Amino acid sequence: MKALTRYCDNGEFGGYHYIDMPVPECGPDDVIIRLKAAAICGADMKHWYADLEGKNTSKTLNSIRGHEFAGVIVKVGENVTDWKVGQRVVSDNAGKACGKCPACERGDFMLCEHKTGLGLDNNYQAFGGTGGFTKYAKIPGGILKLHPHAIWEIPDGVKYEEAAVLDPIANSYKAIAQQSSFLPGQDVVVFGTGPLGLFAVQVARIMGAVNIVMVGLQDDVETRFPIAREVGATHCVNGSIEDVVKRCTEICGRDNLGLVVECSGANIALKQSLEMLRPNGEVVRVGMGFKPLEFSINNITEWNKSIIGHQAYDSTSWRECIRLLASGAINVQPMITHRLGLSQWKEGFTAMANKSAVKCIFHYDEPDKDEKAYGEGDYPDDYDFE
């Protein structure tokens, strides 16, 4: 099977290669999925940017990429009783966790310091887990024993491509619904127009926010601002030409803004978030940046403001988000701007980089060389791509 893989040494960025890989073998406790949809995430993009610089010459296979994926089970191991061939499932990308640390004790397997994610940086040779940018993915039996909700069944009426993006939906849900003190009737400002920001807009809408302000830049105006308004933003602020703090304060008023969801990772966005918040307000920092802060954060002490770090989700996030998606409360379709065969992976990454894409979904489009290794049966895709 063809697979989009990453080559690297010592955790460096970059090194994508589209190569032939062996079909994964199903052990007695494993589950094999035939991939039907896999989405590009921002975590994939950082390696794309580095790869464009041509600095990675590693010969070491690190991982099959793609951690936002959904598909149909085509093989289960002899010891597996909870899953059966033909079930439509989505992975939460958990591949390995220690099961012993305080995070694992709480069921926060994605916060285990020893975790390994499927489709992320999962030393292929040592771990053997696979990702979604290929034909077949193996869900290791070890994680299923520790974390039975490493995969979830997709409800009837939910498309594979919609289920594949439950990762960012669940991230945004946890950031607002589980980590913040937000109350219906308050206002929310969201920095960052990517999927995390756009799903945060939707969660804020569902939870009863009055004003939902999306803050982006000039290159978001054409594609992403209209989508933000379609999914629930009441206002869009262009940080390239507007005074962000002044404009958000005008829209929300000083007393109503108790929550800012910062999804961009930009230092200036964190600074502006703190400046616009009312006393006792909260910033949930979802985005990641890699530069040291160049401003004081004494404001959080002076006015009892909080910066809450956010990472990933738990089973509660997934359970509720699956229900919201199935009910139609979460709208994914406006955000899927590109649907491409995996062989067109460079086109998809380019579209994400120039922001003409919000979510790009891949399907496996290579001719069969394995004569359907797992006897898939008749499991149609969401769409006829012919």
Side-chain angles (χ1 to χ4, degrees), residues 168-169 171-217 220-221 224-287 293 295-310 317 320-321 324 329-331 334:
I169 296 172
N171 264 282
S172 298
Y173 179 92
K174 186 180 181 185
I176 299 177
Q178 295 176 260
Q179 292 189 269
S180 82
S181 302
F182 175 80
L183 294 175
Q186 297 176 352
D187 293 345
V188 175
V189 170
V190 178
F191 280 85
T193 60
L196 289 171
L198 290 167
F199 284 128
V201 165
Q202 298 201 47
V203 173
R205 184 201 73 229
I206 291 166
M207 291 186 65
V210 176
N211 290 306
I212 306 171
V213 185
M214 168 63 77
V215 180
L217 299 173
D220 297 315
V221 171
R224 299 190 175 198
F225 277 4
I227 294 174
R229 294 187 181 95
E230 182 176 353
V231 298
T234 60
H235 302 78
C236 292
V237 174
N238 183 348
S240 298
I241 60 174
E242 297 184 79
D243 184 324
V244 172
V245 175
K246 179 181 178 182
R247 183 71 186 113
C248 290
T249 303
E250 288 173 350
I251 294 167
C252 300
R254 194 66 174 181
D255 294 338
N256 302 318
L257 184 57
L259 175 63
V260 177
V261 186
E262 206 298 278
C263 298
S264 73
N267 284 357
I268 184 61
L270 181 60
K271 180 175 184 292
Q272 292 168 340
S273 299
L274 292 171
E275 289 174 353
M276 70 177 64
L277 270 178
R278 70 186 186 190
N280 295 312
E282 299 170 330
V283 179
V284 181
R285 188 170 187 261
V286 178
L293 298 180
F295 59 89
S296 170
I297 59 171
N298 284 340
N299 185 272
I300 67 173
T301 302
E302 293 170 343
W303 297 107
N304 202 44
K305 299 177 182 180
S306 300
I307 301 175
I308 301 170
H310 165 83
S317 321
E320 313 309 348
C321 288
L324 288 169
I330 293 286
N331 188 2

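Only a predicted model underlies this, so the values are computations on that prediction, with no experimental measurement involved.
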Exercise. Between the side chain of E320 and the main-chain N/O of S317, is any donor-acceptor distance below 3.5 Å?
Worked result: no

For this session: Output yes when a side-chain donor or acceptor of S264 lies under 3.5 Å from a complementary backbone atom of A266, and no otherwise.
Result: yes

For this session: Measure the spacing between CD1 of I227 and CG of D220 and express it to the nearest 0.5 Å.
Result: 10.5 Å

For this session: Locate the shortest heavy-atom distance separating F225 from T193; write the atom from each residue and the value.
Result: CE1-CG2, 3.9 Å

Exercise. If you look at every heavy atom in Q202 and A329, which pair is closest and at what distance?
Worked result: OE1-O, 4.0 Å

For this session: Check whether any side-chain heavy atom of M207 sits under 4.5 Å from a side-chain heavy atom of P184, and report yes or no.
Result: no

Exercise. Going by heavy atoms in the side chains, are I330 and I206 under 4.5 Å from each other?
Worked result: yes

For this session: Taking K305 for its side chain and L274 for its backbone only, find out whether a donor-acceptor pair lies under 3.5 Å.
Result: yes

For this session: Could you check V213 against V188 for side-chain contact (heavy atoms from CB on, under 4.5 Å), going step by step and ending with a plain yes or no?
Result: CA-CA 6 Å; V213 185; V188 175; over 6 Å; no

For this session: Apply side-chain contact (heavy atoms from CB on, under 4.5 Å) to the pair V286 and V261, showing each step before the final yes or no.
Result: CA-CA 7 Å; V286 178; V261 186; 3.9 Å; yes

Problem set entry | Candidate list N299, N298, I297, test side-chain contact (heavy atoms from CB on, under 4.5 Å), partner F295, passing option | I297

Exercise. Closest approach of L277 and R254, non-hydrogen atoms and distance?
Worked result: O-NH2, 3.8 Å

For this session: Step by step, work out the side-chain contact (heavy atoms from CB on, under 4.5 Å) result for C248 and V244.
Result: CA-CA 6 Å; C248 290; V244 172; 4.1 Å; yes

Problem set entry | Flag, side chain of S172 to backbone of L196, donor-acceptor distance under 3.5 Å | yes

For this session: Answer yes if the side chains of S273 and E275 hold a donor-acceptor pair under 3.5 Å, and no otherwise.
Result: no

For this session: Decide side-chain hydrogen bond (donor to acceptor under 3.5 Å, both in side chains) for S181 and E282; before the verdict, give the C-alpha distance in whole Å, the side-chain angles of both, and the deciding distance to 0.1 Å.
Result: CA-CA 8 Å; S181 302; E282 299 170 330; 2.9 Å; yes

Exercise. Quick check: does any side chain N or O of R205 sit under 3.5 Å from a backbone N or O of V210, one acting as donor and the other as acceptor?
Worked result: no

Problem set entry | Trace of the side-chain contact (heavy atoms from CB on, under 4.5 Å) decision for I300 with S306 | CA-CA 6 Å; I300 67 173; S306 300; over 6 Å; no

For this session: Taking all heavy atoms of I176 and all of L259, pick out the closest pair and write down the distance.
Result: CG2-CD2, 4.1 Å

For this session: Drop me the distance from E250's CD to E242's CD, to the nearest 0.5 angstrom.
Result: 9.0 Å

Seminar exercise, completed: When rounded to the nearest 0.5 Å, the distance separating CG of D187 from CG of L257 is 6.5 Å

Exercise. In Å, rounded to the nearest 0.5 Å, how long is the span from NE2 of H235 to CE of M214?
Worked result: 14.0 Å

Seminar exercise, completed: Scanning both residues in full, the closest heavy-atom pair of L217 with G239 reads CD2-C, 4.1 Å

Exercise. Is a side-chain donor or acceptor of R285 paired with a backbone partner of E262 at a separation under 3.5 angstrom?
Worked result: no

Seminar exercise, completed: Between the CG atom in N267 and the CG atom in L293, the distance rounded to the nearest 0.5 Å is 5.0 Å

Exercise. Closest approach of A269 and F191, non-hydrogen atoms and distance?
Worked result: CB-CD2, 3.5 Å

Seminar exercise, completed: To the nearest 0.5 Å, atom CG of N280 lies from atom CG of N304 at 5.0 Å

